[in-house]
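Right, one structure below, let's go through it.
The chains referred to below are lettered A, B, ... by the order of the sequence lines, with proteins before strands, and numbering in each begins at 1.
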2 protein chains.
Amino acid sequence: MSKIDRISSCDDCPIRHNAVCAECDAAELAMLERSKSYMTIPAGATIASAGEPLTHLSSIITGCATMSRTLEDGRRQTVGLLLPSNFIGRPGRECSIYDVEAASEVTLCRFERRTFERMVQDTPHIAARLLMMTLDELDVAREWAVVLGRMTAREKVAAFFVSLARRQAQTDGGRQPARTTMLSLPLSREAIADHLGLTIETTSRQITALRKAGLIETPSLRAIRIPDFEKLALEAGEDDDGGIVA
Amino acid sequence: MSKIDRISSCDDCPIRHNAVCAECDAAELAMLERSKSYMTIPAGATIASAGEPLTHLSSIITGCATMSRTLEDGRRQTVGLLLPSNFIGRPGRECSIYDVEAASEVTLCRFERRTFERMVQDTPHIAARLLMMTLDELDVAREWAVVLGRMTAREKVAAFFVSLARRQAQTDGGRQPARTTMLSLPLSREAIADHLGLTIETTSRQITALRKAGLIETPSLRAIRIPDFEKLALEAGEDDDGGIVA
DNA sequence: GAGGCGCATTGATCCACGTCAAGTCAGTGC
DNA sequence: GCACTGACTTGACGTGGATCAATGCGCCTC
């Protein structure tokens, strides 16, 4: 029972692998539990800066953060959108190589880095679980390369909404987004542009164009309604059998 | 001794983690060894097609392969360049979601998928090792997003040569490429263009431009000489303290 | 050596997106 | 109500890279 207790307190954490945890060493899990702490970050705040050592690894419980690189001349590219269950920092490296910023208010579940790294070394199921999570992130990153490298501005914006809708649906427990979906936009236009490799003006124009084409509605600046998800997905360059991006 | 034997025969494989392997269960390693086989693929051949089941996971021993997605209208984006030690396929998924093609002649070390997956589940050090490899690939993919999203054609081409020089140096045992480096180009101009999100014409023009600027020399179509690596890296948008891409 | 074939390069033109510069609009403070 | 601010939108124009079209060049076959 002590085992199960500890595991259930893990429910909101990255290592949310109930069945698997049951096979882990209770002493090790207890250690991880002890090093765990929660933290709330206000919107706009910096969570980590490129090159600065991280004392903790954390996973996002609620909210949205961006991971970006800024070149010396000011050009910025967001390389990842961090949503609930995503990880900040990686075992085996002291620093983040990207800037991580809270796009909305973010709550984190933090683990002391040393402890966490020891767990990964010693506990097979945590390493295996983390491996699956990382492989999924790798797929997302590669899928995004197709968007960045080969899509038009209009397709990029559509792809962004489609991808965000999929990820929000997944977080909310559903598999696929409903045909008609309401989307909360945790990012400013500038942050969207940085994610898409576009300027803020082009992004804005394409959002307008999609609205005029009836593919999206914009009830407010930070919300998007998608009347027909399939149609939007088509606009994002997906063939009819649906895409793969998470 | 039997343990050590098995491990040393792993030297050219992804699971090349001698010290770590010594702690693994000999029976499990033996199983992995039994499922191992080598294979040579001619240049230009398809190694895997998106959506088709893979019976084997493999790692590249020699040569170069590309991982790409082709959209219905023919646009193609290469999402990863596979060089020695890189992995093809992933545990936990039956198919590759990308087309994998041999750019040059490729030799593979293949593992039967089922066996390999069981190993990942059961053997902590293999999962941990695979996790580190995957995290590195994730960094490479994210770094490439910066290139695709925010760099000019000239910077993209320079970044490609710089990145390739780093990876070839790494494979050859050195840490950083020498100041003056000879680079073998395993890709056609078209494949380079697909990797950079450019057309073949723009790619060719930028190679010419870099040559005229004295940043590279082109002794043959499939070779590049870099007289001053640092200078080329600067052209690729890196600040002076060097970049992070593998 | 002539022809053909597959790549790569080069040239001329076009257009999608960047740039620069005004608006517009919601929110906030007085 | 009115000014102020910051985020967003819209407009006019310029440009980097795409597109279309030759041309060059190694390599193979005959």
Polar pair under 3.5 Å, donor/acceptor by atom type, side chain B:Glu201, base D:dC20:
yes

May I have the step-by-step check of side-chain hydrogen bond (donor to acceptor under 3.5 Å, both in side chains) for B:Thr218 and B:Arg211, ending in yes or no?
CA-CA 7 Å; B:Thr218 53; B:Arg211 177 160 42 70; 3.2 Å; yes

Nucleotide nearest A:Ser188 when distance is taken to its side chain, options C:dT19, D:dT19, D:dC8:
D:dC8

Any side-chain N or O of A:Thr208 less than 4.0 Å from the OP1 or OP2 oxygen of D:dT10?
yes

On a plain distance test, is the side chain of A:Arg205 in donor-acceptor contact with the base of D:dG11 below 3.5 Å?
yes

Round to the nearest Å and state the distance from A:Ile192 atom CD1 to D:dT9 atom C1'.
14 Å

Would you indicate which nucleotide in D:dG17, D:dT9, D:dA18 comes nearest to any side-chain atom of B:Ala153?
D:dG17

For the side chain of A:Thr199, counting heavy atoms from C-beta on, which of C:dG18, C:dT9, D:dT9 is nearest?
C:dG18

Using a 4.5 Å cut-off on heavy atoms from C-beta on, say whether the side chain of B:Arg150 contacts that of B:Glu155.
no

Rounded distance in Å - CZ (A:Arg222) to C1' (C:dG27):
14 Å

For A:Arg75 and C:dC17, what is the distance between atoms CZ and C1' respectively, to the nearest whole Å?
15 Å

Would you mind reporting whether B:Asp99 and B:Thr70 have side-chain heavy atoms less than 4.5 Å apart?
yes

Report yes if at least one side-chain N or O of B:Thr202 is closer than 4.0 Å to OP1 or OP2 of D:dA18; otherwise report no.
yes

Here the distance between atom C1' of C:dA8 and atom CD of B:Gln206, to the nearest Å, is 15 Å

Calculate the interatomic distance between A:Asp194 atom CG and D:dA7 atom P; express it in whole Å.
13 Å

Assess, by modelled atom type and distance only, whether the side chains of B:Thr203 and B:Arg189 contain a donor and an acceptor separated by less than 3.5 Å.
no

Using five pairs at each end of the helix from C:dG1-D:dC30 to C:dC30-D:dG1 to define an axis, what is the angle between those two axes, to 10°?
30°

May I ask you to check whether B:Phe116 and B:Phe87 place their ring centres under 6.0 Å from each other?
yes

How would you list, by chain and number, every residue that makes a ring-ring contact (aromatic ring centres under 6.0 Å, His included) with B:Tyr98, sequence neighbours excluded?
none

Look at the aromatic rings of A:His195 and A:Phe160 and report parallel, tilted or perpendicular, splitting at 30° and 60°.
perpendicular

If we ignore angles and hydrogens, is there a donor and acceptor under 3.5 Å between the side chains of A:Thr40 and A:Thr107?
no

Here the distance between atom C1' of D:dT10 and atom CZ of A:Arg189, to the nearest Å, is 14 Å

Note: for B:Leu198 and A:Arg211 on DNA chain D, the residue whose nearest nucleotide lies more 5' is A:Arg211

Which of the following nucleotides, D:dC8, C:dT10, C:dC17, is nearest to the side chain of A:Leu221?
D:dC8

Just call it for A:Ile207: base, sugar-phosphate, or nothing, with non-hydrogen atoms closer than 4.0 Å on any strand.
nothing

Mind calculating the distance between CD (B:Glu155) and P (D:dG16) to the nearest angstrom?
12 Å

Distance check needed: D:dG17 C1' versus B:Lys156 NZ, whole Å only.
9 Å

